[in-house]
Each structure stands twice: as C-alpha cells, then as structure tokens.
Amino acid sequence: MFLLPFIETNYMKAIWTGSIGFGLVNIPVKMYSAVEESTLDLDMLDKNGHANIKFKRVNENTGKEVAWENIVKGYMLNDKYVILDDKDFEKAAPEKSDHIEIIQFVDEKEIDSTYFEAPYYLEPQKTGTRAYALLRDALKKTTKAGVGSFVMRNREHVCIIKTIGDVMVLNRIRFPQEIRKTDDLKIPATKSKPAEIKMAVSLIDQLTQTFDPSQFKDEYTDKLLKVIRAKAKGKAVAYKPMKVVHSNTKDLMEQLKASLSGSSKKKAS
C-alpha cells in the first residue's frame with residue numbers, strides 16, 4: 001500500500017472548476033493536475049558563444065517574421081488551404097460546460113490502459129464536501145469507477161473517476177479513434193511450446209511482487225544533474241557504458257532454466 005501525496009492547494013493551481021453530476025446529486029469541485037515533469041529545463045544555445053536560440057514565426061516564401069495578429073489557421077483540403085476564424089471553431093466546439101456528468105459505472109479493469117491519458121486530482125469546494133465524501137465512499141465500497149464527459153479548453157473529453165486513498169481522481173481517457181490500429185505491425189504467428197510456456201510462467205511467478213511505485217525513481221535526471229554540477233566545477237565524470245550480456249545459447253528452454261536459476265539465487269541472497 002502506497003501513500004498518496006497530500007494535496008497542498010497553496011502550491012497547486014486549479015486548472016478547471018465545475019461540478020460532478022451523480023444522479024441528482026451535484027458535487028462542486030476543483031481540478032488539479034496530478035503530475036509534473038521531472039526532467040531538467042535545458043536551453044538551446046549557439047555552439048559558438050553560447051547565445052540563446054530564439055524561435056521566430058517566419059513566412060516560408062519571404063523569410064520575414066510575421067506578427068501574431070497576422071497569423072491565421074488553415075487546413076489543407078484538396079491541395080488548397082481552407083482558412084478558419086474564431087466563429088468556425090465556435091461552431092465546431094462542443095457546448096461549453098463546467099459540469100462532469102457521470103453516465104455509467106464500470107469495473108476499472110475493463111478499461112484498457114492504452115486509453116488512459118492524464119490524471120487529475122479532484123478537490124471538493126466548500127459546499128460539496130458531504131456529497132464528495134458520499135461518492136468517494138460509494139466508489140470505494142463497490143470498487144467501481146464512474147465514466148463521464150466534460151469540456152476543457154474548448155474540447156470534449158471522456159473520463160473516469162475513481163478513488164486513491166481519500167482522494168477522487170479523474171483520469172482523462174482517449175477516444176477510440178485516437179488509438180492506432182495494429183494491422184501494420186509485423187507480429188510473429190509462432191506458437192510457443194507447452195514446456196516453454198510452463199517454464200516462462202514459473203519465471204513470472206518467481207519474479208511476481210506487490211507493486212510499490214516508491215521503489216522507482218527518475219535516476220536519469222539525478223545523474224544528469226550530477227554531471228552538470230561536476231562540469232561546472234571542472235571535474236571529470238566517470239562513464240561506464242551499459243553492457244547487455246546475452247546468453248551463449250539460442251535454446252529458449254536453456255535460457256529459461258538459467259533465468260530461473262539466477263532468480264532463485266537473487267532471492268536467496
């Protein structure tokens with residue numbers, strides 16, 4: 001069991017304010033992004049002199065910079081651009097709404113992880129604390145997730161609402177048409193031998209543990225920061241390229257047996 005980080009609203013900024021519709025129950029909520037980037041913010045510099053690189057909006061034909069007020073959006077159709085203005089986007093955009101209507105409830109495991117896009121924390125507004133707690137506790141008891149839709153930044157989104165600890169979390173999910181088909185992938189039609197499957201299952205069983213996300217960390221960013229600090233002091237950083245050791249045999253059964261033996265030794269140690 002891992003602990004959910006405490007939501008400190010003094011440091012978080014609500015990116016959406018609205019309500020959740022649960023039957024006739026209305027729950028006023030605020031939405032906060034549940035994730036943040038852990039990568040370092042690197043600037044692009046000119047190799048000669050290290051001056052910052054600035055990007056400009058340049059006309060492809062004239063090479064001259066174009067001001068924002070002179071830029072329009074267009075869609076290429078039949079080798080010609082169709083120019084769109086604000087009214088065109090208003091006509092196509094779904095009706096703006098600050099309401100998340102829960103349409104149905106499902107078992108979360110029914111939703112393929114491919115559809116998950118971005119998580120957000122939901123915090124009740126002052127008038128919605130009791131209703132928030134009611135939906136949260138009901139979701140916990142039934143182990144279900146609510147499926148709904150809402151509009152954010154002029155676009156309609158499908159979402160699921162579930163609980164993590166005492167917090168309700170909204171996960172934005174992708175539309176089916178956004179998922180690429182697998183038809184173009186070259187997937188082998190080879191069937192595994194029963195003995196190989198049995199051995200592979202044994203290896204999986206040996207390596208099976210309770211998932212604990214706290215044991216995973218963005219080590220690359222930490223190591224890169226150490227490299228940066230060392231270079232700033234004029235120090236050399238030791239470099240050991242990764243070496244992938246492959247088995248000497250191409251026999252799958254022999255590789256699996258060696259893997260099982262290695263896994264047993266690791267557990268024993």
Side-chain angles (χ1 to χ4, degrees), residues 1-9 12-37 88-185 187 208 210-213 216:
M1 179 69 180
F2 65 94
L3 298 175
L4 183 76
F6 174 69
I7 298 179
E8 176 55 75
T9 52
M12 285 189 177
K13 183 179 179 181
I15 61 172
W16 187 91
T17 301
S19 61
I20 300 172
F22 171 41
L24 296 179
V25 178
N26 192 58
I27 311 170
V29 295
K30 291 182 180 180
M31 186 189 298
Y32 302 84
S33 178
V35 296
E36 60 184 4
E37 292 290 334
D88 295 318
F89 289 105
E90 289 174 5
K91 293 173 185 176
E95 183 180 351
K96 286 188 177 182
S97 172
D98 57 359
H99 186 68
I100 303 169
E101 186 64 39
I102 295 180
I103 303 165
Q104 67 180 97
F105 292 91
V106 298
D107 288 319
E108 188 187 346
K109 61 185 178 182
E110 294 178 6
I111 305 173
D112 192 306
S113 60
T114 309
Y115 286 91
F116 286 85
E117 188 172 7
Y120 301 89
Y121 293 137
L122 296 176
E123 175 190 67
Q125 297 190 54
K126 289 182 179 180
T127 57
T129 53
R130 287 190 61 200
Y132 181 98
L134 172 63
L135 178 56
R136 177 199 62 198
D137 296 343
L139 289 175
K140 278 185 180 181
K141 188 173 181 62
T142 58
T143 65
K144 301 286 185 181
V147 180
S149 63
F150 70 106
V151 175
M152 183 168 67
R153 301 189 182 108
N154 293 323
R155 187 186 170 192
E156 187 173 13
H157 301 277
V158 180
C159 65
I160 67 163
I161 295 173
K162 62 176 186 176
T163 60
I164 297 181
D166 290 332
V167 180
M168 281 202 292
V169 177
L170 179 146
N171 270 276
R172 208 171 69 219
I173 60 176
R174 298 178 176 90
F175 289 100
Q177 62 264 38
E178 294 177 309
I179 307 298
R180 288 181 171 178
K181 296 189 181 300
T182 60
D183 300 348
D184 293 335
L185 299 178
I187 307 299
T208 297
T210 301
F211 178 61
D212 177 14
F216 300 99

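The first residue in the sequence is number 1, and the count goes up from there. Reckoned from all heavy atoms, side chains included, excluding hydrogens, waters and symmetry mates.
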side-chain hydrogen bond (donor to acceptor under 3.5 Å, both in side chains) partners of residues 140-151, not counting sequence neighbours, each pair once:
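For residues 140-151: Asp107-Lys144, Lys140-Asp166.
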Would you say the side chain of [Y] lies within less than 4.5 Å of the side chain of [X], judging by non-hydrogen atoms?
X	Y	value
Val147	Ile103	no
Tyr120	Val169	no
Ile102	Ile20	yes
Tyr115	Asn171	no

So, using side chain to side chain donor-acceptor pair (under 3.5 Å) as the criterion, who are the partners of Asp184 when residues are at least two apart?
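By the side chain to side chain donor-acceptor pair (under 3.5 Å) rule, Asp184 matches no residue at all.
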Listed by chain and number, what are the side chain to side chain donor-acceptor pair (under 3.5 Å) partners of Lys30, not counting sequence neighbours?
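Here no residue qualifies.
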Would you say the side-chain atoms of Arg172 pair up with the backbone N or O of Val158, donor to acceptor, closer than 3.5 Å?
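Side chain of Arg172 to backbone of Val158, a donor-acceptor pair under 3.5 Å: no, none is there.
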ring-ring contact (aromatic ring centres under 6.0 Å, His included) involving Phe150 - partner list, sequence neighbours excluded:
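ring-ring contact (aromatic ring centres under 6.0 Å, His included) check on Phe150 returns Trp16, His157.
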So, using side-chain contact (heavy atoms from CB on, under 4.5 Å) as the criterion, who are the partners of Leu185 when residues are at least two apart?
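Counting only residues at least two positions away or on another chain, Leu185 forms a side-chain contact (heavy atoms from CB on, under 4.5 Å) with Thr182, Ile187.
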Looking only at heavy atoms, what is the nearest atom pair of Tyr32 and Glu123, with distance?
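Heavy-atom minimum between the residues: OH-OE1, 2.7 Å.
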Which donor-acceptor pairs under 3.5 Å do the side chains of residues 125-135 make with protein atoms, sequence neighbours left out?
from: Gln125; atom 1: NE2; to: Val29; atom 2: O; distance (Å): 3.3
from: Tyr132; atom 1: OH; to: Leu122; atom 2: O; distance (Å): 2.6
from: Tyr132; atom 1: OH; to: Met168; atom 2: N; distance (Å): 2.8

Take atom CD of Gln177 as the centre, draw a 6.0 Å sphere, and report whether it contains more than 12 heavy atoms from other residues, nucleotides or ligands.
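Result for CD/Gln177: enclosed.
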Value rounded to 0.5 Å, distance of NE2 in His99 from CD1 in Ile27
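If I round to the nearest 0.5 Å, the distance is 9.5 Å.
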